[in-house]
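Note sheet for the following structure.
Proteins come first, then strands; the chains are lettered A, B, ... in the order of their sequence lines, and each starts at number 1.
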Amino acid sequence: MPVHNNEIADIFETLADLLEIEDANPYRVRAYRNAARTVRSHTRSMSDLVEQKKDLSKIPTIGKDLAKKIKTIVVTGKLPLLEKVRSRTPNILSDIMSVKGFGPKRVKTLYQKLKIQSLDDVRRAARSGKVRKLKGFGKKTEKTLLQRLEHFSTETARTRLITAEKIASPLVNYLKKSKGVKKVVIAGSYRRCKETVGDLDILVTAQKSSNVMKRFIKYEEVDTVISKGSTRSTVILRSGLSVDLRVVPQISYGAALVYFTGSKAHNIALRKIAVKKHLKINEYGVYKNKSRIAGKTEKSVYKTVGLPFIPPELRENHGEFFAAHRDGLPDLVSLDNIRGDLHCHSKASDGRDTIKKMAIAASELGYEYLSINDHSKRITVAHGLNKKRLLEQIKTIDKINAKLSNIVILKSIEVDILEDGSLDLPDSILKELDFTVCAVHHKFDLSRTKQTERILRAMDNPYFNILAHPTGRLINKREPYQIDLEKIMLSAAEQQCFMELNANPDRLDLTDDACMMAKDTGVKVAISTDAHSISGISHMRFGINQARRGWLQAEDIINTRSLKALKKLFRRS
DNA sequence: GCCGTTTTCGGCCCGACTGTTTTCAGTCG
């Protein structure tokens, strides 16, 4: 099995932790962390790039040395340097560093003075009062350490955007009622519309910060107050989600919003550009020498460094600065561009609502079309349709369509891709449909080669149109199955097939990076909700978020097209 | 360890809060 980008990133991150504990050059440490971030979020698999003999040092933050190290990891699965560092500084120290509040210096002291080798050792030392006696530590630090170790796990699941919305919305309303508050906005990865968020970053503008700070920590959902200052406070809510609140004066709103929206990598890059122009950017504004020259709006901040406004979804330092410089930022797709939904279920299989109810709900959203794609017969638990039942459904839809005036129901199916790459229903019935959505629902554990071949073979069927949820992943629940997505996309582009971006907040499959890959490979995307009830149809916005993060424009999305244009796209020649 | 319209050396984003010290190091975002 090829080495995954995440594994390479983990190696670099562990190495960075251990080197930091060893007091290595901080910029060298940073270089490993930057590389870890780059590799983790890179569209392409390093293994593939190595196999294709691509020059990895062309990738930003990856130089000659790191390119060589990536190659070593891909080929051998290991990095000799890490093995060497581990022999003098045990791996466990990297784990302790992921306890909040404990960085390289404290971990180093714990290791050197108390000879700790495991998390249990740390617990024992803290319980017996040995920690508080160390220089730089104290009673309070010891207590905090024990508390944090109690709830500690190295795998901290991130919160899905839809859950974060539900938690954030009442808190925002609560803060808006504080005296003297002008604006309350959620920044951070939430504003960048990442599929999951690690915490909530809320920015408030107010004349006096103390009122809103007081009110914030009194919020009934607050479980623990981590820190409380005059301009910044951090709490953990009972839901487990941590919230940072930052209060700035109105005049700093734009600069603070840029700062608090991130990403960190974007901010660093932006500030570097500013430094070159002899400017300084912080959360209060843009400064030339000592005088403040911008910062009230985000636009003004970008303008001082000669850039147009960059949409939050693009702020990942993934080429947005390069594009902005050349006036090449994409005109991102928006919800308004969507004319219909191409993947929905009805009561006939595992949906909860009737076809007619689904159609009416869609027309209320202003859609021109909605397709019904129930499961095919192999999915017995979902009461999947066989040929006979599908024929009946086609007739039913014809009847409903005859009565509906402002929306057209498209006849379709979510047909299973069987293990050998054949489809679960015969061509004789598939050809009666407007189009098909094809999906893998079983045998997730095939090898990468076999899984890829399975899908490629399915695509050879002339009635194959859209590959549904292409990797099968469920956020925080199920890893994607192993496939060569690029190969599949290249083939889809050539064969006039399409990739689904499943907008279900549990799936969001394609990922943002995969959307970029779709654009690069030239395959068009269908953003579909996979709604199993009328309420699911409103999840389209999550798909739009993801597509925007993937730099997609309306022209890259097939369900921004008119029905006539769409039907033409589905006729493979 | 990376990087370059100050290019092969000498820089590397910037500020807030906490706890332990007594002026600041460590950590975080």
By nearest-heavy-atom nucleotide on DNA chain B, the more 5' of A:Asn267 and A:Met213 is A:Asn267
Pairwise P distance, B:dC12 and B:dT6 [rounded to whole Å]: 16 Å
Do any N or O atoms from the side chain of A:Ser169 and from the backbone of A:Lys166 form a donor-acceptor pair under 3.5 angstrom? no
Looking at every strand, decide which applies to A:Leu66 at a 4.0 Å heavy-atom threshold: base, sugar-phosphate, or nothing. sugar-phosphate
Suppose you measure atom C1' in B:dG26 against the same atom in B:dT20; what distance do you get, rounded to whole Å? 11 Å
Say whether, by atom type as modelled, one donor and one acceptor occur between the side chain of A:Asn289 and the main chain of A:Ser291 under 3.5 angstrom. no
B:dC13 versus B:dC24 - spacing of their P atoms, nearest Å: 23 Å
Considering every strand and a 4.0 Å limit on heavy-atom distances, what is the contact class for A:Ile62: base, sugar-phosphate, or nothing? sugar-phosphate
Work out how far the C1' atom of B:dA25 is from that of B:dT21, and round it to whole angstrom. 10 Å
Closer to the 5' end of DNA chain B via nearest nucleotide, is it A:Leu279 or A:Ser233? A:Leu279
Backbone N or O of A:Leu490 within a donor-acceptor pair of the A:Thr521 side chain at under 3.5 Å? no
Can you confirm if the NZ or CZ of A:Arg246 lies within 45° of the ring axis of A:Tyr253 and under 6.0 Å from the centre of its six-membered ring? no
So what does A:Lys64 touch, heavy atoms closer than 4.0 Å: a base, only the sugar-phosphate, or nothing? sugar-phosphate
When you compare B:dC28 with B:dT22, how far apart are their P atoms, in angstrom units rounded to a whole number? 23 Å
Could you identify the nucleotide paired to B:dT18, looking across every strand shown and requiring Watson-Crick or G-U wobble geometry with both distances under 3.5 Å? B:dA25
Rounding to an integer number of angstrom, what distance separates B:dG4 and B:dT8 when you compare their P atoms? 13 Å
Give one of base, sugar-phosphate or nothing for A:Tyr259, where a contact means two heavy atoms less than 4.0 Å apart. base
By the 4.0 Å heavy-atom rule, please label A:Ser230 as base, sugar-phosphate, or nothing. sugar-phosphate
Once you apply a heavy-atom cut-off of 4.0 Å, does A:Pro26 come out as touching a base, just sugar-phosphate, or nothing? nothing
Would you indicate what A:Val29 reaches in the nucleic acid, counting non-hydrogen atoms under 4.0 angstrom: base, sugar-phosphate, or nothing? nothing
Please state the C1' separation for the pair B:dT7 and B:dC3 - nearest whole angstrom. 8 Å
Using modelled atom types and a 3.5 Å cut-off, is there a donor and acceptor pairing between side-chain atoms of A:Asn545 and backbone atoms of A:Cys193? no
Between A:Glu316 and the options A:Arg37, A:His266, A:Arg192, the side-chain hydrogen bond (donor to acceptor under 3.5 Å, both in side chains) test singles out A:Arg192
Under 4.0 Å from a heavy atom of chain A: give me the 5'-most and 3'-most nucleotides of DNA chain B that qualify. B:dG1 to B:dG29
Test item: A:Thr144 side-chain N/O and A:Lys140 main-chain N/O as donor-acceptor pair under 3.5 Å: yes
